[in-house]
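Structure first, then comments.
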Protein chains: 2
Amino acid sequence: MTVTIYDVAREANVSMATVSRVVNGNQNVKPATRKKVLEVIERLEYRPNAVARGLASKKTTSVGVIIPDISNNLNAELARGIEDIATMYRYNIILANSDQNEEKELSLLDTMLGKQVDGIVMMSEEVTDSIQRAIETCPVPIVLAGSICETEEIASVNIDYYTAAKEAVQLLISNGHSRIAFVSGPLQYTVNGQHKLTAYKDTLAQANIEINEALIVAGDGSYDDGLETWATLAALDVPPTAIFVGNDELAIGLVHGIQDSGKTVPGDVEIISFENSKLARMVRPQLTSVVLPLYDIGAVAMRLLTKFMNKEEIDEKHVILPHRVEQRDSSK
Amino acid sequence: MTVTIYDVAREANVSMATVSRVVNGNQNVKPATRKKVLEVIERLEYRPNAVARGLASKKTTSVGVIIPDISNNLNAELARGIEDIATMYRYNIILANSDQNEEKELSLLDTMLGKQVDGIVMMSEEVTDSIQRAIETCPVPIVLAGSICETEEIASVNIDYYTAAKEAVQLLISNGHSRIAFVSGPLQYTVNGQHKLTAYKDTLAQANIEINEALIVAGDGSYDDGLETWATLAALDVPPTAIFVGNDELAIGLVHGIQDSGKTVPGDVEIISFENSKLARMVRPQLTSVVLPLYDIGAVAMRLLTKFMNKEEIDEKHVILPHRVEQRDSSK
DNA sequence: CTGAAAGCGCTAACAA
DNA sequence: TTGTTAGCGCTTTCAG
């Protein structure tokens with residue numbers, strides 16, 4: 001039924017080894033022989049069995065990708081970056097969603113190792129101790145993409161979230177605001193709870209602005225969350241006049257919440273978001289936003305992984321990509 | 001180094017076959033033996049090699065997913081549906097982007113077959129003849145998700161695009177419009193060029209409304225395309241008073257284009273979109289939209305694929321999921 | 001430049 | 001209930 005390397009060898013009057021060499025582009029084959037083999041391959045429609053090859057060579061040319069939720073814009077962009085570079089290096093991707101659930105992440109890691117992936121790119125909002133341990137004892141290289149882990153040992157690709165957030169808040173302060181709110185997704189997520197929030201507090205402190213806990217709101221980070229959060233904020237004795245927001249979807253929710261309540265952006269409330277997905281331009285006013293280069297983060301993470309897999313020399317395990325603030329109309 | 005089934009067998013004083021039985025949950029093992037084996041597995045941290053298993057059993061528990069572009073909201077939602085059901089049935093997913101390019105689709109199909117996937121879910125806006133042939137001669141089952149192919153033979157999951165589009169246009173007609181534009185992505189895409197456009201024309205004809213080619217605009221289907229399309233439409237001697245739009249992103253572009261030109265939705269122009277992604281609610285006015293249940297389409301496609309892979313009986317190879325129009329504020 | 005042969009780690013009859 | 005033994009299809013020394 002299915003044609004194997006053996007069938008090709010027999011038809012071409014050569015050994016399996018020679019067919020293998022031809023298929024793998026090994027140069028030690030006489031052109032005439034190569035031609036003959038190629039013809040038989042064509043004629044028999046031979047398709048190498050990657051599973052057998054994987055077993056024999058201990059390389060599968062597959063990499064695992066563990067991501068919180070592919071249906072989320074943010075992750076999808078990242079995944080595309082990963083995939084493009086993987087394809088370029090002839091790897092295939094085994095994609096799985098973790099829903100940001102530690103148990104699933106652990107079990108996914110195990111499944112992928114069972115499938116003998118050559119490496120793994122992982123995205124996780126919160127790298128717990130046991131995840132960290134699992135990564136450190138992993139038999140194949142792992143690169144974290146857009147995910148924070150303080151450890152020296154684990155490779156990762158990020159931007160400098162802290163500085164980026166500081167710049168955003170600073171911008172709001174420069175525009176004369178002192179009642180600046182901080183609205184983000186879950187604070188358990190390292191990037192929110194540690195980097196962005198700390199940057200917010202530090203920047204305010206440095207400008208001698210008192211920190212008001214009522215102006216710090218963390219929800220699930222969704223559009224509806226943004227809508228509701230504005231209701232909360234608007235009910236304050238003195239509502240904020242500016243908001244630093246954790247992501248675009250949340251920011252759009254806030255913008256609509258503000259507009260629905262009869263106020264304007266940036267007239268009554270200035271907003272700076274953090275993500276700059278294509279959504280940032282799909283709202284009026286368009287969002288000023290810190291640029292989070294998700295595609296690039298994914299691409300660079302995958303590229304880094306290929307270096308590990310090829311045992312190339314790595315100059316820096318922790319890549320920090322540049323960031324900037326894209327000025328649009330939600331801030332002055 | 002890596003511990004194999006043989007190591008476990010030796011340590012537990014049983015044969016490889018017995019270990020294999022334990023690992024695979026075969027009932028023909030004495031409880032005491034099972035316990036002993038399980039202990040050794042635990043102690044040695046044995047992890048079955050799925051590649052070897054795949055080679056021996058000719059099943060990989062992996063399915064291929066070929067999708068135009070995962071960074072596109074539409075596909076990401078579909079992919080999530082596929083993944084969830086795949087996980088439920090203990091399959092892993094090998095995901096690849098085709099960019100809606102026939103050559104890539106063909107080569108991806110080949111790669112996946114080489115990797116011995118047990119089945120494939122494919123999404124394609126235009127199933128060309130050669131793709132169709134490739135699918136028909138494929139050694140493993142393939143299910144098309146949200147993709148149209150007239151052939152009896154090929155399994156697929158869709159909604160009734162024609163009827164859905166008719167209902168939308170009919171709604172606009174009922175609201176008193178006679179200058180109704182049709183704006184969509186590429187007409188080469190079967191769903192646009194054949195189903196939606198035909199439905200549009202048929203519905204107009206049945207209402208004795210003359211078809212005006214100037215009111216039919218197909219671009220790339222993006223937000224910016226929507227913005228520009230309104231500029232074109234607005235420049236007409238008599239601009240349309242209602243628009244049937246192919247997808248949400250495009251519709252939002254149109255809405256903003258209309259609003260930027262000083263007109264209102266639905267006051268001056270009514271809009272009905274086709275997709276109902278979460279974007280539909282993230283714009284003011286919120287979009288009335290035909291509900292395209294992408295997650296469900298993906299999930300049902302994957303479920304159907306599992307039936308094929310298990311050689312279960314299939315009652316219907318062509319699943320049509322129900323649709324409806326979600327009324328919001330962009331139409332009256 | 002080419003071939004022979006020993007595995008890779010596991011499953012699946014077939015025996016016992 | 002358990003063990004023995006062929007392979008699965010390919011890569012990779014090692015000879016020649």
Side-chain angles (χ1 to χ4, degrees), chain A residues 1-38 40-41 44-62 110-118 139-140, chain B residues 1-38 40-41 44-62 110-118 139-140:
Chain A
M1 20 160 282
T2 62
V3 10
T4 73
I5 199 173
Y6 177 78
D7 300 317
V8 176
R10 183 168 33 69
E11 285 290 309
N13 287 312
V14 296
S15 70
M16 286 163 54
T18 298
V19 179
S20 176
R21 287 189 189 98
V22 171
V23 169
N24 293 295
N26 186 316
Q27 285 310 302
N28 296 332
V29 181
K30 207 200 307 179
T33 313
R34 176 188 309 280
K35 185 155 171 291
K36 186 172 58 177
V37 172
L38 253 13
V40 176
I41 286 179
L44 265 47
E45 297 188 357
Y46 167 66
R47 175 187 292 132
N49 180 324
V51 174
R53 183 184 290 194
L55 184 58
S57 69
K58 297 181 172 299
K59 294 204 172 316
T60 55
T61 64
S62 294
D110 210 59
T111 306
M112 298 203 164
L113 293 177
K115 295 236 170 177
Q116 311 300 116
V117 294
D118 296 336
V140 300
Chain B
M1 20 161 284
T2 61
V3 9
T4 73
I5 199 173
Y6 176 78
D7 300 317
V8 175
R10 184 166 34 69
E11 284 290 310
N13 288 312
V14 297
S15 70
M16 286 162 55
T18 299
V19 178
S20 177
R21 287 189 189 100
V22 171
V23 168
N24 293 296
N26 186 315
Q27 286 309 302
N28 296 332
V29 181
K30 207 199 308 178
T33 312
R34 175 188 308 281
K35 185 156 171 291
K36 186 172 58 176
V37 172
L38 253 13
V40 176
I41 286 179
L44 266 43
E45 296 188 357
Y46 167 67
R47 175 188 294 131
N49 181 324
V51 173
R53 184 184 290 192
L55 184 57
S57 69
K58 294 176 174 302
K59 292 204 173 316
T60 55
T61 65
S62 295
D110 209 58
T111 306
M112 298 203 164
L113 293 177
K115 295 234 169 180
Q116 310 299 117
V117 294
D118 296 337
V140 299

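Just so it is clear, the values below take in all heavy atoms, side chains as well, and ignore hydrogens, waters and symmetry mates. Numbers restart at 1 for each chain; the letters A, B, ... are given by sequence-line order, proteins then strands.
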Identify which nucleotide among [options] has an atom closest to any side-chain atom of [X], counting heavy atoms from C-beta outward.
{"X": "B:Ala17", "options": "C:dG7, D:dT2, C:dA12", "result": "C:dA12"}
{"X": "B:Thr33", "options": "C:dC1, C:dC14, D:dT1", "result": "D:dT1"}
{"X": "B:Val29", "options": "C:dG9, D:dT2, D:dT11", "result": "D:dT2"}
{"X": "B:Met16", "options": "D:dT11, C:dT11, D:dT1", "result": "C:dT11"}
{"X": "B:Tyr46", "options": "C:dA12, C:dC10, C:dG9", "result": "C:dC10"}
{"X": "A:Arg21", "options": "D:dT2, D:dC14, C:dG9", "result": "D:dC14"}

Can you find a side chain N or O atom of [X] that sits less than 4.0 Å from OP1 or OP2 on [N]?
{"X": "B:Arg53", "N": "C:dT11", "value": "yes"}
{"X": "A:Thr18", "N": "C:dT2", "value": "no"}
{"X": "B:Ser57", "N": "D:dC8", "value": "no"}
{"X": "A:Asn28", "N": "C:dT2", "value": "no"}
{"X": "B:Lys59", "N": "C:dT11", "value": "no"}
{"X": "A:Ser15", "N": "C:dT2", "value": "no"}
{"X": "B:Lys58", "N": "D:dG9", "value": "yes"}

In whole Å, what is the span from the [atom1] atom of [X] to the [atom2] atom of [N]?
{"X": "A:Asn24", "N": "D:dC10", "atom1": "CG", "atom2": "C1'", "value": "9 Å"}
{"X": "B:Leu55", "N": "C:dG9", "atom1": "CG", "atom2": "C1'", "value": "9 Å"}
{"X": "A:Lys36", "N": "C:dC1", "atom1": "NZ", "atom2": "P", "value": "14 Å"}
{"X": "A:Arg34", "N": "C:dC1", "atom1": "CZ", "atom2": "C1'", "value": "11 Å"}
{"X": "A:Ile5", "N": "D:dT12", "atom1": "CD1", "atom2": "C1'", "value": "12 Å"}
{"X": "A:Arg10", "N": "C:dT2", "atom1": "CZ", "atom2": "P", "value": "20 Å"}
{"X": "A:Leu113", "N": "C:dG9", "atom1": "CG", "atom2": "P", "value": "15 Å"}
{"X": "A:Tyr6", "N": "C:dA5", "atom1": "OH", "atom2": "P", "value": "12 Å"}

Remember a base hit wins even if backbone is also touched, and classify [X] as base, sugar-phosphate or nothing at under 4.0 Å, heavy atoms.
{"X": "A:Ser20", "value": "base"}
{"X": "A:Asn49", "value": "sugar-phosphate"}
{"X": "B:Val23", "value": "nothing"}
{"X": "B:Val14", "value": "sugar-phosphate"}
{"X": "B:Asn26", "value": "nothing"}

Task: Nearest heavy-atom neighbours spanning B:Leu44 and B:Glu11 - done: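 So the minimum-distance heavy-atom pair works out to CD2-CG, 3.7 Å.
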TODO: Check B:Val23 against B:Ile41 and note the closest heavy-atom contact, atom names and distance.
DONE: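 Smallest heavy-atom distance, with atoms named: CG2-CD1, 3.9 Å.
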TODO: To the nearest 0.5 angstrom, please state how far the CG atom of B:Asn28 sits from the CZ atom of B:Arg34.
DONE: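 Interatomic distance, B:Asn28 CG to B:Arg34 CZ, rounded to 0.5 Å: 9.5 Å.
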TODO: Kindly indicate, with the supporting measurements, whether the criterion side-chain hydrogen bond (donor to acceptor under 3.5 Å, both in side chains) is fulfilled by B:Ser62 and B:Lys115.
DONE: CA-CA 9 Å; B:Ser62 295; B:Lys115 295 234 169 180; over 6 Å; no
Task: Residue mapping more 5' on DNA chain D - nearest nucleotide basis, A:Ala56 or B:Ala52 - done: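 Its nearest nucleotide being more 5', the pick is B:Ala52.
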TODO: Return yes if some donor-acceptor pair links the side-chain N/O of A:Ser57 with the main-chain N/O of A:Arg53 below 3.5 Å, else return no.
DONE: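 Flag set: sc A:Ser57 to bb A:Arg53 pair under 3.5 Å.
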Open item on the list: Side chains of A:Thr4 and A:Asn49, heavy atoms from C-beta outward: is any pair under 4.5 Å?
Closed with: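 The answer is no; the side chains never approach within 4.5 Å.
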TODO: Please report the C-alpha distance between B:Asp7 and B:Arg10 in whole Å, then the side-chain angles of each, then the deciding distance to 0.1 Å, and finally whether the side-chain contact (heavy atoms from CB on, under 4.5 Å) criterion is met.
DONE: CA-CA 5 Å; B:Asp7 300 317; B:Arg10 184 166 34 69; 2.9 Å; yes
